Protein chains: 2
Amino acid sequence: MSTQAILVADLAADDALEPAKLSAVDRLVEQIRDLVRDRKLVIGDPLPTERELGEVFQAGRNTVREALQILKAYGIVEVRPKIGAVLSDRHEDAVRKLFAFQHDISPASFLDVQGYRKIIEVGIGDHLILHTTPADLDHLDAVNARLLTQASVEEAARHDFAFHEALVTLAGNRTLLTNYRLLQPVITQIMRVGKADRPVQTDTHQAHAEIIKALRDRDRVAYTYLLSRHLEYGLQFVVTDPGKGGAQS
Amino acid sequence: MSTQAILVADLAADDALEPAKLSAVDRLVEQIRDLVRDRKLVIGDPLPTERELGEVFQAGRNTVREALQILKAYGIVEVRPKIGAVLSDRHEDAVRKLFAFQHDISPASFLDVQGYRKIIEVGIGDHLILHTTPADLDHLDAVNARLLTQASVEEAARHDFAFHEALVTLAGNRTLLTNYRLLQPVITQIMRVGKADRPVQTDTHQAHAEIIKALRDRDRVAYTYLLSRHLEYGLQFVVTDPGKGGAQS
DNA sequence: ATCGAAAATCTTGGTCCAACAAATAGCTGC
DNA sequence: GCAGCTATTTGTTGGACCAAGATTTTCGAT
């Protein structure tokens, strides 16, 4: 218990790297965060109006607005016209957006991301083989089935990602899942490109189904092989440079 | 080549989820990003002054400032009095800070992060066994050696993380490394707690050395075993709830 | 008199301007 | 070469206006 208290204190100090005088805007950001904490506001609760905040904290409204823009960028608040700033749960979205903000869009980047996915999705294989329940696998089937029910490339990419997301979810590690989701924009982008030329939904669905089957059979080797092949399959549509066949380095 | 052009266009559309009219501030954020891209500005280059930006893009200075606050929060620019906004390379720091923001500080969270690390660091084992060069291993030794050269808990945690970071770096995947680094604040926090009670630098150094040896021997099983044990070892200092001995679930 | 709809009003965020303070880059004079 | 001055630029504030949406008021129909 005392351990936890120490932790909180220590981590609070992470922000105090520059003990020097903060700008009024930064000070306001802190004060508003404190306000939220002190009043124990929860998601959806409204903050005071900009004018009130300015009055309470002795700052101009423009200064308050700049602070709110920062909080907004952090996904802490969402400001709706007229109703004002309300506490938001879009934090993860903000992280995701920020993460993808200036990711370069190059074939090398795609290759890298697919390599990452291979490490992750193959890496959780041991756990999946051991711990997935029939219900889990049925759920995967259900998610996979959605791949066949629509036509839009955008939709297909989303459902494709949903399958892999569900797979990673089964690893039962929240940190891993959060990190994997960070790449959602990039991954769905890869998928869109892969599916742009011609619809490959049935192929994808089939590949997913085989992967599920490998899990049902608790066949670690098949899982690894099928998953690797599946991820590499998508790559050949992305790396179009040489025009030749294989895409392995 | 044409593929790449399509990609860039498509990803630009990712932000256009709400095709409705953007606010002037959001529009400015985009315009400034475009400006940076068009002029091929690099890290350290200065942007036009706030008044110039306002004139060029037909916006008031306050609006420009709000846009700059967002860019600043994103780690894209750093604005210094008098000289103005200059392009910054703090983007990853901003992501890291924002990411750590949401992480609650609980034993469960620690357990989760350690589980994540196990998945990652064990997961790259195959690649490491196959591809690490003697030079790589010497580098690991050098990084590990630093663990013995100082006393501060803070320093020790940093060097401890540096070793694991170096390990992940050897996997040769930039995406993975970026994601792993995201957890730096949380991981070093875990390490600080683990080392708070008494100095265990020699133990840690020893454990690292054994892991390196396993890589030298290209012994996949030993690598997995030693790494898992090492990561679980740190955990027993975190989960202090029962006060009894073992901490395995 | 009661209810509901329409209109007027009031509040609030969005944007812009003007002004001043503080900091400092760059010039000026020695 | 250096001290000091000046002009420029960001930091901050207050005020103004607009548009949109919430609130209240008004007023007609029943």
Side-chain angles (χ1 to χ4, degrees), chain A residues 18-36 39 41 43-88 90 94, chain B residues 15-33 35-36 39 41 43-88 90 94:
Chain A
E18 59 277 33
K21 58 178 185 296
L22 295 149
S23 78
V25 173
D26 294 334
R27 179 170 45 84
L28 260 182
V29 170
E30 292 303 320
Q31 284 177 315
I32 294 175
R33 284 182 57 193
D34 290 345
L35 182 86
V36 169
R39 295 195 185 174
L41 301 180
I43 306 300
D45 287 348
L47 265 59
T49 69
E50 295 177 352
R51 291 176 175 87
E52 283 173 342
L53 286 172
E55 193 185 350
V56 171
F57 296 126
Q58 288 296 303
R61 191 160 82 95
N62 283 318
T63 309
V64 173
R65 295 200 95 251
E66 291 185 16
L68 285 178
Q69 290 288 357
I70 293 176
L71 266 346
K72 208 166 67 173
Y74 281 6
I76 309 291
V77 306
E78 220 164 334
V79 43
R80 285 195 277 269
K82 176 57 189 175
I83 195 57
V86 300
L87 254 55
S88 166
R90 287 300 184 86
Chain B
D15 249 340
L17 293 179
E18 59 279 28
K21 55 180 187 297
L22 294 145
S23 77
V25 173
D26 293 333
R27 180 169 44 83
L28 261 183
V29 170
E30 291 301 320
Q31 284 176 316
I32 294 175
R33 284 184 64 194
L35 182 85
V36 169
R39 295 196 184 174
L41 301 180
I43 307 300
D45 287 348
L47 264 60
T49 69
E50 295 175 353
R51 289 178 177 86
E52 282 173 341
L53 287 172
E55 193 184 350
V56 170
F57 296 127
Q58 287 295 302
R61 192 162 81 94
N62 284 88
T63 309
V64 173
R65 295 200 96 250
E66 290 184 18
L68 286 179
Q69 289 288 357
I70 293 176
L71 266 346
K72 208 166 69 174
Y74 282 5
I76 307 294
V77 306
E78 226 163 329
V79 43
R80 287 195 280 268
K82 173 61 183 179
I83 194 58
V86 299
L87 255 54
S88 165
R90 287 301 184 89

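Quick caveat, the model's predicted, so the values are computed rather than measured. The chains referred to below are lettered A, B, ... by the order of the sequence lines, with proteins before strands, and numbering in each begins at 1.
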Distances under 3.5 Å only, N/O to N/O: pair up the protein atoms with those of nucleotides 4-7 of chain D.
none

ask   = Does B:Tyr74 have any ring pair (Phe, Tyr, Trp, His ring centres under 6.0 Å) partners at least two apart in sequence or in another chain, and if so, which?
value = A:Phe101

query = Who are the side-chain hydrogen bond (donor to acceptor under 3.5 Å, both in side chains) partners of A:Asp45, not counting sequence neighbours?
reply = none

key: Comparing A:Arg27 and A:Ile83 on DNA chain D - which has the more 5′ nearest nucleotide   = A:Arg27

A:Ile83, CD1: over 12 other non-hydrogen atoms inside 6.0 angstrom = no

ask   = What residue pairs, at least two apart or across chains, pass salt bridge (charged side-chain N to carboxylate O under 4.0 Å, His left out) with a residue in residues 68-78 of chain A?
value = none

key: Any residue meeting side chain to side chain contact (heavy atoms under 4.5 Å, CB included) with B:Ala94, in chain and number order, not counting sequence neighbours   = A:Leu98

query = Where each residue is assigned the nucleotide of DNA chain D containing its nearest heavy atom, which of A:Arg51 and A:Val25 is assigned the position nearer the 5′ end?
reply = A:Val25

query = When you measure from every atom of DNA chain D, which of residues 61-73 of chain B have a heavy atom less than 4.0 Å away?
reply = B:Arg61, B:Asn62, B:Arg65

task = Any ring-ring contact (aromatic ring centres under 6.0 Å, His included) involving residues 50-71 of chain B? Give me the pairs, sequence neighbours left out, ordered by first then second residue.
result = none

message = Classify B:Glu52 by what it touches in the nucleic acid, base, sugar-phosphate, or nothing, heavy-atom distance under 4.0 Å.
response = nothing

task = In whole angstrom, give the distance that lies between atom CD of A:Gln58 and atom C1' of D:dT13.
result = 11 Å

key: Between CD1 on residue A:Ile70 and CD on residue A:Glu66, distance to nearest 0.5 Å   = 7.5 Å

request  = Starting from P on D:dA16, measure out to CD on A:Glu50 and report it in whole angstrom.
outcome  = 18 Å

Validation: residues 48-56 of chain A side-chain donor-acceptor distances under 3.5 Å, sequence neighbours left out:
{"residue": "A:Thr49", "atom": "OG1", "partner": "A:Glu52", "partner atom": "N", "Å": "3.1"}
{"residue": "A:Glu50", "atom": "OE1", "partner": "A:Arg61", "partner atom": "NH1", "Å": "2.6"}
{"residue": "A:Glu50", "atom": "OE1", "partner": "A:Arg65", "partner atom": "NE", "Å": "3.3"}
{"residue": "A:Glu50", "atom": "OE2", "partner": "A:Arg65", "partner atom": "NE", "Å": "3.3"}
{"residue": "A:Glu52", "atom": "OE1", "partner": "A:Thr49", "partner atom": "N", "Å": "3.1"}

task = In whole angstrom, give the distance that lies between atom CD of B:Glu55 and atom C1' of C:dC16.
result = 15 Å

task = For B:Glu78 and D:dT10, give me the distance from atom CD to atom C1', rounded to whole Å.
result = 15 Å

